[in-house]
Protein chains: 2
Amino acid sequence: MTSVTTLGHMQLALLEAHAAAARDEVPVGAVVVGPDGIVLATAGNETRALCDPTAHAEVLVIRRAAEKLRDERLTGCDLYVTLEPCAMCAAAISLARIRRLYFAASDPKGGGVVHGARVFNQPTCHHTPEIYDGLEEDAASDLLKTFFAARR
Amino acid sequence: MTSVTTLGHMQLALLEAHAAAARDEVPVGAVVVGPDGIVLATAGNETRALCDPTAHAEVLVIRRAAEKLRDERLTGCDLYVTLEPCAMCAAAISLARIRRLYFAASDPKGGGVVHGARVFNQPTCHHTPEIYDGLEEDAASDLLKTFFAARR
């Protein structure tokens, strides 16, 4: 599934992550692509700006895409995100019926896909996307490391 | 922790659940109470009305309370909800730094607190509230059963 197109979508998510860093938000970006390959929504973290602990890039991009489609289910849509989703975002991805999840860097400390809660591996998870990881991993990981190193 | 006040807060959450049912939304309601015991926000599920898969009562009430306090952390606040939170909502409760979580009915099929992802029991969970369950359990459970029975 790694094509020029999927790489381009992850690079768009990375642009959103860079924009988040410039706003002093944790640099994570996300993109939702419709079944026809058209970008439906993009988002970066906005927890600080919005005073909203749920305003992770994945939650925002799902909300924006669902609003655009006027449908609470994003059936056939794919989500690209620069960091392994946390448990909240992984469960939101399941609730939204996302078809494919692409994430860049893994997150041993806060991830909820291949770490911690492993949301998609639970019997209480009623929809599991296809999962592809590692696309643009170094770029996403370096951005996060630089951001946090500058704040220590 | 079961006092007249905590019972009253759960009954307020139940009123929100009944209002959600009347809107043809899954009947779950939630309330956030500030450190001083004042109700900061109430919400019922609005996934259908808002076309937003993340618009569970808990996410909405956290967002409303955080907006009111102009702070992404609800330190010292308590959350009451009529159903065991799913993994998304449990993780949102942790991110919001909720002090105490009260839930009424348990949810073996979709819960993420004492079932499935058990979000608060993972090493990736960085804040765990005190948890109290069973308050007004029968009323919350009966409301859900009646709602789904009428739609089968």
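Naming: A, B, ... by sequence-line order, numbering from 1 per chain. Worth saying up front: this structure is predicted, and the values here are computed from it rather than measured.
Connection of A/Phe103 to A/Leu15 is not established within any shared hydrophobic cluster, with ILVMFWY side chains joined at heavy-atom distances below 4.5 Å, either directly or through further cluster members. Under a hydrophobic-cluster definition in which Ile, Leu, Val, Met, Phe, Trp and Tyr are linked whenever side-chain heavy atoms come within less than 4.5 Å, directly or via other members, A/Leu101 and A/Leu12 are assigned to different clusters. Note: the hydrophobic cluster containing B/Phe147 does not contain B/Leu143 (ILVMFWY, side chain heavy atoms under 4.5 Å, direct or indirect links). By the rule that hydrophobic residues join a cluster once side-chain heavy atoms approach within less than 4.5 Å of another member, A/Val39 and A/Met10 end up as members of one cluster. Connection of B/Leu74 to B/Val113 is established within a shared hydrophobic cluster, with ILVMFWY side chains joined at heavy-atom distances below 4.5 Å, either directly or through further cluster members.
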Once you leave out hydrogens and angles, what donor-acceptor pairs under 3.5 Å do chain B and chain A share?
| unit_1 | atom_1 | unit_2 | atom_2 | d |
| --- | --- | --- | --- | --- |
| B/Thr47 | OG1 | A/Glu72 | OE1 | 3.3 |
| B/Asp52 | OD2 | A/Arg63 | NE | 3.2 |
| B/Arg63 | NE | A/Asp52 | OD2 | 3.2 |
| B/Glu72 | OE1 | A/Thr47 | OG1 | 3.3 |
| B/Lys109 | O | A/His126 | NE2 | 3.0 |
| B/His126 | NE2 | A/Lys109 | O | 3.0 |

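Contact detail for B/Ile62 and A/Pro53: the closest heavy-atom pair is CG2-CG, 3.5 Å.
Within residues 26-34 of chain A, no residue has any heavy atom less than 4.5 Å from a heavy atom of chain B.
When A/Val59, A/Leu95, A/Ile93 are each tested for a side chain to side chain contact (heavy atoms under 4.5 Å, CB included) with B/Met88, only one passes: A/Leu95.
Within the structure, the ring-ring contact (aromatic ring centres under 6.0 Å, His included) test picks out no pair touching residues 28-48 of chain B (sequence neighbours left out).
Annotation: side-chain contact (heavy atoms from CB on, under 4.5 Å) contacts of A/Ala87 (sequence neighbours excluded): A/Ala117, A/Val119, B/Ala91, B/Val119.
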